[in-house]
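Here's the structure we're looking at; comments come further down.
Values reported hereafter were calculated over all heavy atoms of this structure, with side chains retained and with hydrogens, waters and symmetry mates removed. In this chain, residues are counted from 1 in sequence order.
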Amino acid sequence: MKRELTAKEITIYALSIALVCVSTIAIQIPIPLGYMHLGNTLILLCAFLFGPKVGMAAGGIGSALADLFTGYAYWALPTLIIKGIMGFAIGYIANRECKKAVMMRKKTAVAAIAGIIIMIAGYFIAGSLLYGSLYTGALQIPGLSIEGALGIALFYALGLALEKAGFYRIIKA
């Protein structure tokens, strides 16, 4: 039997998609074949907080919408796939059952790093295919690596601030 989404779940999906889209659009720094942005921070946060399905929707749809809105429509389909897989992987790894707080921190780090590696590899492959050259695809790797590292650092800073504010208790209620 197919389960229908609750109003709370629809709201979480919609807000997560919107937050990723807006954070991707808000600050864009050009790099070869695209731009660096803060969207990865929100993909990490949404996937960590709400799991793989929300991570996949927020990462894929939110990022693809940002590409459509900012003149990178030819990247929308690759972005939908790459960022969707990225969000799913982060949510899946970070939300596996865990009893120790230290393990949770390690799993969060593993999830974040795995997600960023998926993003870099995905855009390398997509760029190589779109432009017909491995060299051209590889031109993105330094910028994407910086974007990924910045995204992880901001994710941890934002996560710590939300934890201190008691946000996690509110959303889990």
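Panel note: side chain Gln140, backbone Tyr123; a donor-acceptor pair is recorded below 3.5 Å. With hydrogens and angles disregarded, a donor-acceptor distance shorter than 3.5 Å links the side chain of Tyr156 to the backbone of Ala109.
Among the candidates Val22, Ile29, Ile27, the single residue satisfying the side-chain contact (heavy atoms from CB on, under 4.5 Å) test with Leu38 is Ile27. Under the side-chain contact (heavy atoms from CB on, under 4.5 Å) rule, Ile43 has a single partner from Thr24, Ile116, Val20, Leu19, which is Val20.
Going from atom CD1 of Ile85 over to atom CD1 of Ile90 covers 12.0 Å, rounded to the nearest 0.5 Å. Once rounded to the nearest 0.5 Å, the distance linking CG of Leu45 with CG of Leu154 reads 11.0 Å. Here OG1 of Thr108 is found 11.5 Å from CD1 of Ile152. Values are rounded to the nearest 0.5 Å. Rounding to the nearest 0.5 Å places CG of Leu130 at 12.0 Å from CD1 of Ile125. The CG atom of Leu162 sits 10.0 Å away from atom CZ of Phe155, with the distance rounded to the nearest 0.5 Å. Remark: Ile31 CD1 to Ile146 CD1 distance equals 8.5 Å, nearest 0.5 Å.
Under the side-chain hydrogen bond (donor to acceptor under 3.5 Å, both in side chains) criterion, Tyr35 pairs with Asp67, sequence neighbours left out. Judged as a side-chain hydrogen bond (donor to acceptor under 3.5 Å, both in side chains), and not counting sequence neighbours, Thr11 has no contacts. In terms of the side-chain hydrogen bond (donor to acceptor under 3.5 Å, both in side chains) criterion, residue partners of Tyr92 (sequence neighbours excluded) are, by chain and number, Arg96.
Using a 30° and 60° split on the angle between ring planes, Tyr131 and Trp75 fall in the tilted class, from 30° to 60°.
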Given side-chain contact (heavy atoms from CB on, under 4.5 Å), test Gln28 with Thr70 step by step and report yes or no.
-> CA-CA 10 Å; Gln28 294 184 341; Thr70 59; 3.4 Å; yes
Hey, mind stepping through Tyr135 and Ser128 against side chain to side chain donor-acceptor pair (under 3.5 Å) and telling me if it holds?
-> CA-CA 7 Å; Tyr135 174 77; Ser128 296; over 6 Å; no
Apply side chain to side chain donor-acceptor pair (under 3.5 Å) to the pair Lys107 and Asn95, showing each step before the final yes or no.
-> CA-CA 8 Å; Lys107 270 206 277 192; Asn95 286 287; over 6 Å; no
What do the steps show when you test Met119 against Glu147 for side-chain contact (heavy atoms from CB on, under 4.5 Å), and what is the final call?
-> CA-CA 10 Å; Met119 177 198 64; Glu147 176 187 325; 3.9 Å; yes
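Connection of Tyr74 to Leu139 is not established within any shared hydrophobic cluster, with ILVMFWY side chains joined at heavy-atom distances below 4.5 Å, either directly or through further cluster members. Using a 4.5 Å cut-off between side-chain heavy atoms of Ile, Leu, Val, Met, Phe, Trp and Tyr, with links allowed through other members, Phe88 and Ile117 fall into different hydrophobic clusters. Hydrophobic clustering of Ile, Leu, Val, Met, Phe, Trp and Tyr side chains at less than 4.5 Å, counting indirect connections, keeps Leu15 apart from Ile10. Put simply, Leu49 and Val110 are part of two different groups of oily side chains (I, L, V, M, F, W, Y) that touch within less than 4.5 Å, one to the next.
Of all the heavy atoms in Ser63 and Thr79, the pair that sits closest is CB-CG2, 3.4 Å. Heavy-atom minimum distance, Ile93 versus Ala114: CD1-CB, 3.9 Å. What you find for Ser16 and Val54 is that their closest heavy atoms are OG-CG1, 3.5 Å. Closest approach of Pro78 to Ala126, counting heavy atoms only: CB-CB, 4.0 Å. The shortest non-hydrogen separation linking Phe124 to Ile141 is CD1-CD1, 4.0 Å. Of all non-hydrogen atoms in Ile17 and Ala57, the two that sit nearest each other are CG1-O, 3.6 Å.
The closest side-chain heavy-atom distance from Ile118 to Lys83 is not below 4.5 Å.
With respect to the salt-bridge test (charged N to carboxylate O, under 4.0 angstrom), the residues Glu9 and Arg3 qualify.
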